[in-house]
Amino acid sequence: MKEGYFPQEIEKRWQAKWEETKTFHTPDCSDKPKYFALSMFPYPSGRLHMGHVRNYTITDVIARFKKMNGFNVLHPIGWDSFGLPAENAAMQHNADPAKWTDENIAYMTKQLKMLGLSYDWDREVTTCKPEYYKWTQWLFLQLYKKGLAYKKEAAVNWCDKCGTVLANEQVIDGKCWRCDSVVEKKYLSQWFLKITDYAERLLDDLDKLPGWGENVKTMQANWIGKSEGAIFRFKVKEVEGLEVPVYTTRPDTVHGITYLVVAPEYKDIEKLTTAENKSAVEEYRANARKMSEIERLSTDRPKTGVPLGTHCINPFNGEEFPLWTADYALAEYGTGAVMAVPTHDTRDFAFAKKYNLPMKVVIQNSEKPSDCCNEAYTEEGILVNSNEFNGMKNTEAKKAITQKSVNEGFGEFKTQYRLRDWLISRQRYWGAPIPIVYCDKCGIVPEKEENLPVMLPTDVDFSVVGKSPITTSPTFKDTICPICGGHAVREMDTMDTFICSSWYYLRYSDARNDKECFNKEKVNHWLPVDQYVGGIEHAILHLLYSRFFTKALKDCGLLDFDEPFKNLLTQGMVLKDGSKMSKSKGNTVDPDEIFENYGADTARLFILSDSPPARDFDWSDAGVEGCYKFLNRIWRLLWMNQVNTDLSVDGKNIKATKRENDDLIRAVHMQIKGITNDITNEFQFNTVISKYRELVNTIYDWINKNDLVSDENKQVYSFAIKSLLILLSPVAVHLAEEAWHELGGEGSVHNQNWCEWDENLAKASKITLVVQINGKVKDKMEADEDLDDESLKSLALLSPKIKELTEGKEIVKTIVVPKKLVNIVVK
RNA sequence: GCUCCAGUGGCGGAAUCGGUAGACGCGUUGGACUUAAAAUCCAAUCGGGGUUCACCCUCGGUGCCAGUUCAAGUCUGGCCUGGAGCACCA
């Protein structure tokens with residue numbers, strides 16, 4: 001009997017062996033179909049946390065399962081290594097961010113290897129290395145050439161703590177996504193990517209993604225925020241030739257306009273303000289500017305505003321109404337101006353009520369008559385007070401009224417999106433420099449492609465406050481204009497790190513190419529990613545940006561597919577004691593500790609065992625212990641018997657009579673089927689692990705009831721053990737390999753084919769017939785499975801118990817579910 | 001406010017199509033082994049009630065209320081609770 005289970009020693013040995021023999025290398029060419037399994041790559045923060053362990057274990061098991069099922073599997077890893085933590089560390093310790101990053105990568109690489117993940121390390125990508133960011137810059141230039149990258153002066157989100165601007169997607173509840181500090185508005189000239197050009201495609205193509213969760217798709221759809229409506233242009237009475245356009249989704253209420261609101265930042269606001277209102281308006285605008293995003297966005301804040309003194313004329317009915325400015329109108333959405341219909345919009349109602357503005361009902365519903373004095377009526381109804389549209393259903397009136405405005409030249413149909421262009425400039429050091437120069441003569445000039453990468457300078461001072469360290473480099477700023485050769489200065493901003501992560505998955509297809517960002521044939525071969533696994537927190541940011549990038553690069557002719565991730569699994573969080581593991585709460589569990597005390601196989605088994613992958617996972621020390629005991633139980637099973645397990649056994653060669661009648665053989669087939677289905681449908685690893693346990697329990701039971709002397713039984717036993725090891729191998733990767741090797745199996749267990757099952761054997765030899773009366777279970781009996789419905793019915797009626805219960809009652813009806821159930825309906 | 005997801009024992013969770021609710025595990029309890037402990041193994045474990053104390057009977061039970069159906073954790077409608085996302089988006 002082999003000695004006890006010492007995972008640490010076994011694991012180290014096999015990890016070295018796999019590395020040496022390149023067991024997990026992925027060739028580009030293969031006659032097998034491809035499969036691309038991908039985890040979201042980590043930021044090299046220093047150490048792995050349990051969320052990483054969960055993410056990478058899930059993907060690893062999928063990759064291994066697919067490989068054993070005959071796919072050429074691409075399963076790479078890399079590092080999302082630009083970003084603020086490295087820079088902050090540099091500022092605190094006056095260290096080089098590159099060095100800090102490299103050290104973290106080295107440590108985390110060691111941890112990933114200890115977890116026994118089947119990565120092809122030859123394809124590792126690191127976004128902060130010049131050989132990678134060269135291509136990030138090159139891609140930026142392609143987008144620039146396509147007109148998808150542009151610079152503009154705009155109100156931007158500024159995080160003072162991070163000392164940089166943020167994209168809209170990076171502002172969560174008015175706060176910075178990274179550091180949680182309150183975001184301010186600033187006016188700056190910044191680089192943007194025209195993601196809005198892709199709004200329609202990003203929305204429509206969500207339908208092409210049946211392999212994505214509905215929750216993620218809805219979040220993206222909400223973020224894109226499509227709405228259909230109309231633009232109406234209103235002439236200003238006091239200013240000749242000036243018009244105020246408004247966007248509305250309620251053109252049907254146009255006859256009920258009683259005032260109009262423009263945002264405090266509205267471009268023509270000064271022209272729209274009369275002399276006597278000027279000081280009040282100026283004061284109001286100054287206040288609005290001072291307000292933080294959080295205050296401004298709070299919906300329960302009482303509405304405020306001031307009149308501008310001017311008026312517009314409603315071309316539909318000739319009525320005149322006043323113009324106001326109020327901060328409930330947003331400058332960045334629609335036209336920055338809103339037509340106000342207090343009777344049919346709750347916000348306009350609140351505002352009108354406060355400032356005593358008139359109200360006019362234009363939609364009524366006979367069942368729910370609108371009451372213009374108490375609240376806005378926002379539901380459907382029939383138009384009134386609307387001239388020729390009176391009596392029309394409001395849903396129809398939307399179209400008819402907009403059409404009239406089109407015919408008469410003061411309006412149009414308009415589709416509006418909430419999505420804004422992606423602000424990508426960052427006033428930080430540790431990112432890919434934007435490859436643009438500003439020439440005294442030629443203006444904004446893209447760097448020449450052959451001059452890439454624009455290297456990050458290293459002669460910088462990290463101790464500066466209030467500006468980017470990159471500006472302190474004496475060598476970086478001044479350069480030569482690629483067009484005229486004259487003096488030029490470099491763009492000092494770096495790119496948002498989300499750009500680096502918007503294309504890394506493409507680079508894996510051709511990671512070592514130093515001539516192109518990737519070869520088109522290779523990228524078309526490997527992509528799209530067949531299974532992407534990562535946290536739900538990227539539902540909008542990373543996943544939306546990556547989808548945009550893929551579409552834009554397709555339009556640049558660099559690749560031929562338009563969605564990067566065919567299937568997406570968003571794994572749940574790892575919790576401890578009911579809340580998310582975090583350093584501040586002090587409820588973290590260090591993976592190293594688990595590796596050391598129990599080994600990686602226990603960690604892998606446990607992280608998959610208790611919850612389905614998409615759900616949150618509550619870490620419990622007892623659960624870890626339980627998994628460790630289970631592996632020990634398997635270990636004992638493997639060596640408790642003095643039998644030579646023969647791993648070359650083929651289940652099909654076991655004598656037919658034995659095969660069909662042995663419980664263990666049937667159990668093995670049943671579990672193979674169950675485990676395979678559980679992995680295939682939705683990656684239900686928690687039930688897979690239940691089935692491992694059932695199988696092990698069955699083998700123990702069988703050993704207790706059967707001798708291991710007869711050749712037939714030895715064969716059955718060997719078949720069961722062999723199947724167990726193969727089924728177990730994607731999860732308990734080291735234990736399975738050690739056992740496979742020690743029991744004399746050929747090659748690596750990880751190069752075996754997945755187990756097959758025989759449909760006829762993957763079920764019990766007899767069925768259990770359930771007999772119900774009026775839908776309630778009253779009896780169960782064994783029956784042959786080939787009995788037809790009639791025989792099952794009579795069998796059920798033969799049961800003494802059923803006889804007794806139906807005695808003297810009228811049998812109205814009998815329902816038979818083939819091979820399963822008989823329901824007798826009595827009165 | 002809008003959108004999406006979820007709600008099943010003490011706990012994590014299971015239950016392809018509407019067809020035996022509670023698989024598997026954790027925990028708990030009892031037992032075996034042991035001088036003892038650990039480890040291991042065996043057994044019990046949804047709740048109420050009954051009884052001839054059994055491998056028994058019976059009733060109830062998947063957030064709540066209705067409905068469809070021979071049959072509902074599963075389908076439909078309406079609510080409640082929790083989580084997530086969006087939110088003065090006109």
Side-chain angles (χ1 to χ4, degrees), chain A residues 4 172-173 213-223 225-227 229 246-250 253 260-261 263 296-301 303 326-330 332-341 344-348 350-351 378 416-420 536-537 539-540 572-573 606 609-612 614-627 629-630 632-633 636 674 677-678 681-682 684 686-697 700 704 768-780 801 812-818 820-826:
Chain A
I172 317 286
D173 291 334
E214 218 45 55
N215 52 343
V216 177
K217 288 195 275 188
T218 329
M219 277 162 75
Q220 292 215 353
N222 285 344
W223 188 261
K226 181 178 180 171
S227 74
V246 300
Y247 171 72
T248 181
T249 53
R250 294 298 303 275
T253 63
L260 188 152
V261 178
R296 176 90 193 251
L297 289 176
S298 156
T299 48
D300 44 8
R301 192 165 55 89
K303 298 205 166 18
D327 59 12
Y328 81 88
L330 307 174
E332 320 88 69
Y333 185 74
T335 62
V338 222
M339 61 181 228
V341 184
H344 304 295
D345 180 280
T346 51
R347 296 152 303 185
D348 298 344
F351 191 82
T378 55
Q416 181 71 40
Y417 300 92
R418 260 178 24 98
L419 186 71
R420 314 277 156 80
I536 186 78
E537 66 273 19
I540 293 172
M573 287 186 298
F606 176 57
S609 66
D610 265 12
S611 303
R615 238 189 273 187
D616 286 350
F617 177 90
D618 211 337
W619 183 273
S620 89
D621 296 334
V624 182
E625 196 72 40
C627 286
K629 284 182 186 173
F630 176 56
N632 273 284
R633 185 166 151 81
R636 284 192 303 276
N677 286 343
D678 284 356
N681 313 327
E682 314 275 327
Q684 288 185 62
N686 54 329
T687 55
V688 168
I689 286 158
S690 300
K691 286 175 173 114
Y692 288 163
R693 291 176 186 272
E694 283 175 351
L695 179 56
V696 170
N697 291 345
Y700 268 106
N704 285 335
T768 304
L769 181 69
V770 174
V771 187
Q772 297 180 328
I773 292 179
N774 291 347
K776 305 219 161 172
V777 179
K778 294 293 172 187
D779 202 7
K780 295 171 197 178
K801 208 171 146 189
V812 186
K813 183 154 98 155
T814 310
I815 287 120
V816 180
V817 181
K820 222 176 216 168
L821 175 141
V822 176
N823 186 16
I824 300 161
V825 187
V826 300

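By convention in this document, chain letters (A, B, ...) are assigned in the order of the sequence lines, proteins followed by strands, and residues within each chain are numbered from 1.
Comparing the P positions of B:rC86 and B:rC11 gives a spacing of 32 Å, expressed to the nearest Å. Using atom P as the reference point in both B:rG1 and B:rG12, the two lie 29 Å apart (nearest Å). Taking atom P on both nucleotides, B:rC17 is separated from B:rG7 by 15 Å, rounded to a whole Å. For the P atoms, the distance linking B:rA6 with B:rU58 amounts to 36 Å, nearest Å.
Taking only side-chain atoms of A:R418, from C-beta outward, the nucleotide of B:rC86, B:rG19, B:rC24 with the closest atom is B:rC86.
Look at A:K813 and you won't find any side-chain N or O under 4.0 angstrom from OP1 or OP2 of B:rA71. A:Y333 has a side-chain polar atom (N or O) that falls below the 4.0 Å cut-off from OP1 or OP2 of B:rA90. Taking side-chain N and O atoms only, A:R615 has a distance below 4.0 Å to OP1 or OP2 of B:rA14. OP1 or OP2 of B:rG25 has not a single side-chain nitrogen or oxygen of A:N686 nearer than 4.0 Å. OP1 or OP2 of B:rA15 lies within a sub-4.0 Å distance of a side-chain N or O belonging to A:Q684. Between A:S690 and B:rA23, a side-chain N or O to OP1/OP2 separation shorter than 4.0 Å is absent. A sub-4.0 Å separation between OP1 or OP2 of B:rA23 and a side-chain N or O of A:R693 is absent. Between A:N697 and B:rA23 there is no side-chain polar atom (N or O) within less than 4.0 angstrom of OP1 or OP2.
The base-pairing partner of B:rU69, taking Watson-Crick or G-U wobble contacts with both distances under 3.5 Å, does not exist among the strands shown. Checking B:rC17 for Watson-Crick or G-U wobble geometry (two distances, each under 3.5 Å) identifies no partner in any strand. Base pairing of B:rU81: its partner is B:rA6, meeting the Watson-Crick or G-U wobble criterion (both donor-acceptor distances under 3.5 Å). Nucleotide B:rC46 forms a pair with B:rG60, judged by Watson-Crick or G-U wobble geometry with both contacts under 3.5 Å. B:rG1 is paired with B:rC86 under the criterion used here, namely a Watson-Crick or G-U wobble arrangement in which both key atom distances are under 3.5 Å.
Between A:M339 and A:T248, the closest side-chain pair of non-hydrogen atoms falls below 4.5 Å. The shortest side-chain heavy-atom distance between A:F630 and A:R693 falls under the 4.5 Å cut-off.
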inquiry  = Across nucleotides 44-52 of chain B, 5' to 3', mark each nucleotide with B, S or - according to how protein heavy atoms within less than 4.0 Å reach it.
reply    = ---------
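Taking 3.5 Å as the limit, the base of B:rC4 and the side chain of A:N215 contain no donor-acceptor pair of atoms between them. Interface remark: the A:K217 side chain does not form any donor-acceptor pair with the B:rC4 base, using a distance-only criterion of under 3.5 Å.
The glycosidic torsion of B:rC17 lies within 90° of 0, placing the base in the syn range.
Both tests hold for A:R633 against A:Y700: distance to the six-membered ring centre under 6.0 Å, angle to the ring axis within 45°.
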